[in-house]
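I have placed the structure first, in the form of structure tokens, so that the comments after it can refer back to it.
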Amino acid sequence: MKSKEDKKRVIEILRILYKNYPEAKTALKCSNAFELLIATILSAQCTDKQVNKVMKNLVKKYPSPYEYAYVNPIDLEEDIRTTGFFRNKAKNIIACCKKLIEDFEGKVPDNMEDLVSLPGVGRKTASVVLGNYFNIPSIAVDTHVNRVSRRLGLTSEEKVEKIELDLMKIIPKDEWIFFSNALILHGRNVCKSKKPDCLNCDLNEHCSSRDLFILQ
DNA sequence: AACTCGGGGCA
DNA sequence: TGCCCAGAGTT
């Protein structure tokens with residue numbers, strides 16, 4: 001994946017993604033890093049729609065880590081119930097905020113190592129915060145980015161950290177955030193895990209897995 | 001590596 | 001009504 005042909009293929013893929021998913025250009029809108037961190041923790045296994053719905057109440061009720069740290073877990077569970085996994089998420093958010101207060105002066109850290117040390121925060125969540133708020137280029141590899149990148153032939157790795165490295169080598173740095181966001185949309189709408197819609201996929205000419213799904 | 005959490009979306 | 005899913009923690 002370093003010949004001129006491959007580079008041209010990546011550029012073409014990016015061009016198509018820009019055309020089809022212009023909304024992926026704009027970073028997530030959150031008024032501060034803390035708000036984005038909470039929203040991203042909540043986003044596990046649910047849609048933006050579900051997250052946005054509960055965030056309206058959360059930003060008013062819990063403007064900082066200090067409000068979460070001493071809330072009755074039952075109350076928080078109720079506030080985030082509709083995002084699913086609400087008991088785990090409530091427990092993690094409370095523990096996360098206590099650690100933010102104790103170890104980070106109540107501020108969201110701006111590096112991967114410290115971010116993933118927070119309860120409920122893995123590499124995917126950390127990458128989103130770094131990329132979308134701190135403007136530190138990063139590629140958030142969720143299940144969609146993972147699956148679609150491998151189908152396209154942009155990586156053959158399986159571990160998230162190795163996939164990140166492969167993608168960072170071949171995707172121009174300025175496009176990392178957009179690339180993650182666009183592949184998530186493409187993975188949900190077209191390149192679905194069970195029945196990918198290859199016939200209607202605008203990337204199929206540049207995809208190494210296309211025949212796999214069309215010939216059956 | 002497999003298992004668990006869970007309400008919402010969709011056929 | 002049943003199946004699947006925009007992660008992370010635990011064993």
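All chains are named by letter (A, B, ...) in the order of the sequence lines, taking the proteins before the strands, and each is independently numbered beginning at 1.
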Could you state the interatomic distance from CZ (F179(A)) to CE (M168(A)), rounded to the nearest 0.5 Å?
12.0 Å
Atom CG of N52(A) to atom C1' of dG9(B): distance rounded to whole Å?
16 Å
Within the structure, does a side-chain N or O atom of K194(A) lie under 4.0 Å from either OP1 or OP2 of dC4(C)?
yes
For nucleotides dC4(C) and dC3(B), find the distance between their P atoms and express it as a whole number of Å.
15 Å
Taking only side-chain nitrogens and oxygens of S193(A), does any of them come within less than 4.0 Å of OP1 or OP2 of dC5(C)?
yes
F34(A) ring center within less than 6.0 Å of Y62(A) ring center
no
In this structure, how many angstroms lie between the P atom of dG7(B) and the CZ atom of R87(A), rounded?
7 Å
dG8(B) and dG9(C), which share atom name P, separated by this distance in whole Å
24 Å
One thing to verify: whether K192(A) and D197(A) come together as a salt bridge, which I'm taking to mean a side-chain N less than 4.0 angstrom from a carboxylate O.
no
From CD of E77(A) across to C1' of dC5(B) the rounded distance in Å is 12 Å
Measure the distance from CZ on F85(A) to C1' on dA8(C) and round it to the nearest whole Å.
9 Å
To the nearest 0.5 Å, how far apart are CZ in R15(A) and CG in D202(A)?
9.5 Å
Closest nucleotide among dC4(C), dG8(B), dG7(B) to the Q50(A) side chain
dG8(B)
Given DNA chain B, 5'-ward residue of the pair R188(A) and G84(A), judged by closest heavy atom:
G84(A)
Tell me which of T47(A) and P119(A) sits closer to the 5' end of DNA chain C, going by the nucleotide each one is nearest to.
T47(A)
Identify which nucleotide among dG7(B), dC5(B), dA8(C) has an atom closest to any side-chain atom of R81(A), counting heavy atoms from C-beta outward.
dG7(B)
Just to confirm, is there a sub-4.0 Å distance from OP1 or OP2 of dA8(C) to any side-chain nitrogen or oxygen of T125(A)?
yes
With heavy atoms under 4.0 Å as the rule, sort V51(A) into base, sugar-phosphate or nothing.
nothing
Could you work out which one of dG6(B), dG9(C), dC5(C) sits closest to the side chain of N92(A)?
dG9(C)
Does N132(A) reach the main-chain N or O of V128(A) with its side chain, forming a donor-acceptor pair under 3.5 Å?
yes
dG9(C) C1' sits how many Å from K91(A) NZ, rounded?
8 Å
For atom CZ of F86(A) and atom C1' of dG8(B), their distance in whole Å:
13 Å
In whole angstrom, give the distance that lies between atom CG of N88(A) and atom P of dT11(C).
12 Å
Which is more 5' along DNA chain C, the nucleotide nearest S43(A) or the one nearest L118(A)? Just name the residue.
S43(A)
Between K89(A) (side chain) and G84(A) (backbone), is there a donor-acceptor pair under 3.5 Å?
yes
Using atom NZ of K124(A) as one end and atom P of dA8(C) as the other, report the distance to the nearest whole Å.
7 Å
On a whole-Å scale, what distance lies between the C1' atoms belonging to dT10(C) and dG7(B)?
22 Å
